Amino acid sequence: MNYWLMKSEPDEVSVDDAFAAPRHTVPWTGVRNYQARNFMRDQMRVGDGVLFYHSSCAEPGIVGIAEVASTPYPDPTQFDRKSPWYDAASKPDAPRWLLVDVKVLEKTRNLTLPELREDPALADLVVLRKGNRLSITPVEARHWRHLLKKLGASSA
DNA sequence: GCCAACGTTGGC
DNA sequence: GCCAACGTTGGC
């Protein structure tokens, strides 16, 4: 069992949007970074824990507990000419971009970025590292436990 | 394979 | 809108 933090822009897909979707599940479309793709392709397993994070918004922070809900499969938006994530260089018989489905288990309060930064127990959380821009980052088990306790999450 | 130029992310 | 940090591209 691995744990992850996955960023979504709430203007695109918020935790409310994801929770309102059928089975509380959304395909994690639009990742166009190889390192993030590789996490989904090579390391994620169904049932892995996910922290749902809102980025590029007024109050960035962790807003929900989720889980990996599928094995990896090709991101359909890469083949859609009208999609902002269209990739002309990716061919259907050799898809460049894969994704997984993510199921929201529980919405939480917004554990904001400033709160995360001021907690010494989270000092080396990957997403807080200087200059980090990865939209998917691994979370250590001790950080996961600490964060779930902090959130009072029932999905622990 | 190097690296400068350019593009993107994302907090502020 | 600014800009630091980082990833990607492409000429050589």
Side-chain angles (χ1 to χ4, degrees), chain A residues 2-21 25-44 48-70 72-104 106-140 142-144 146-148 150-151 153:
Chain A
N2 289 314
Y3 305 100
W4 308 94
L5 183 144
M6 299 177 76
K7 297 178 186 173
S8 184
E9 300 186 14
D11 289 348
E12 298 283 347
V13 181
S14 71
V15 70
D16 291 313
D17 297 333
F19 196 74
T25 299
V26 289
W28 208 259
T29 53
V31 170
R32 294 296 181 268
N33 170 281
Y34 289 105
Q35 211 176 334
R37 179 205 66 181
N38 292 348
F39 285 140
M40 291 195 284
R41 186 188 65 185
D42 304 332
Q43 294 191 40
M44 285 191 180
D48 277 3
V50 173
L51 300 166
F52 198 112
Y53 180 93
H54 280 172
S55 69
S56 295
C57 57
E59 282 211 299
I62 296 168
V63 292
I65 310 297
E67 67 178 14
V68 174
S70 78
Y73 62 95
D75 181 344
T77 63
Q78 71 196 300
F79 305 123
D80 178 0
R81 288 181 176 280
K82 298 191 196 75
S83 168
W85 299 298
Y86 176 65
D87 182 353
S90 182
K91 301 301 169 202
D93 56 351
R96 179 177 292 180
W97 304 110
L98 302 180
L99 54 68
V100 298
D101 290 341
V102 173
K103 174 177 186 170
V104 179
E106 177 179 355
K107 291 195 291 175
T108 64
R109 73 180 181 91
N110 186 353
L111 180 51
T112 66
L113 183 59
E115 287 180 84
L116 296 172
R117 288 204 185 283
E118 77 185 6
D119 185 341
L122 301 173
D124 48 358
L125 189 67
V126 176
V127 78
L128 300 182
R129 283 185 199 156
K130 182 179 163 126
N132 170 78
R133 298 184 314 162
L134 260 187
S135 64
I136 300 174
T137 49
V139 174
E140 292 176 43
R142 64 194 170 94
H143 289 144
W144 173 265
H146 182 80
L147 283 161
L148 260 62
K150 213 174 165 88
L151 285 162

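Since the structure is predicted, the reported quantities are computational estimates derived from the model, not experimental observations. Within every chain, numbering begins at 1; the chains are lettered A, B, ... in the order of the sequence lines, protein sequences first and strands thereafter.
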Handout entry: Spatial distance of atom CD (Glu106(A)) from atom CG (Leu151(A)) [nearest 0.5 Å]
Key = 8.0 Å
Handout entry: Straight-line distance of Thr25(A) OG1 to Asp101(A) CG, nearest 0.5 Å
Key = 6.5 Å
Problem - Residue Lys130(A), side-chain heavy atoms: nucleotide from dA5(C), dC12(B), dG10(B) that is nearest - result: dA5(C)
Problem - Nearest-nucleotide pick for Arg133(A), side chain only, options being dT8(B), dG10(B), dT8(C) - result: dT8(B)
Which whole-number value in Å describes the distance from [X] [atom1] to [N] [atom2]?
{"X": "Ile62(A)", "N": "dG11(B)", "atom1": "CD1", "atom2": "P", "result": "12 Å"}
{"X": "Leu116(A)", "N": "dC12(B)", "atom1": "CG", "atom2": "C1'", "result": "16 Å"}
{"X": "Arg117(A)", "N": "dC12(B)", "atom1": "CZ", "atom2": "P", "result": "6 Å"}
{"X": "Leu113(A)", "N": "dG10(B)", "atom1": "CG", "atom2": "C1'", "result": "10 Å"}
{"X": "Glu12(A)", "N": "dT9(B)", "atom1": "CD", "atom2": "C1'", "result": "13 Å"}
{"X": "Glu9(A)", "N": "dT8(B)", "atom1": "CD", "atom2": "P", "result": "13 Å"}
{"X": "Asn110(A)", "N": "dG11(B)", "atom1": "CG", "atom2": "P", "result": "11 Å"}
{"X": "Asn132(A)", "N": "dG11(B)", "atom1": "CG", "atom2": "C1'", "result": "12 Å"}

Problem - Among Trp4(A), Trp85(A), Phe52(A), the one residue meeting ring pair (Phe, Tyr, Trp, His ring centres under 6.0 Å) with Trp28(A) - result: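 One option only clears the test, and that one is Phe52(A).
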Practice task
Report yes if at least one side-chain N or O of Lys7(A) is closer than 4.0 Å to OP1 or OP2 of dT9(B); otherwise report no.
Solution key: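 For dT9(B), OP1/OP2 do not have a side-chain N/O of Lys7(A) under 4.0 Å.
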Exercise for the section: Look at Tyr53(A) and dT9(B) and indicate whether a side-chain polar atom (N or O) is within less than 4.0 Å of OP1 or OP2. Expected result: no
Problem - Residue of the set Asp87(A), Asn33(A), Thr77(A), Asp75(A) for which side-chain hydrogen bond (donor to acceptor under 3.5 Å, both in side chains) holds with Trp97(A) - result: Asp87(A)
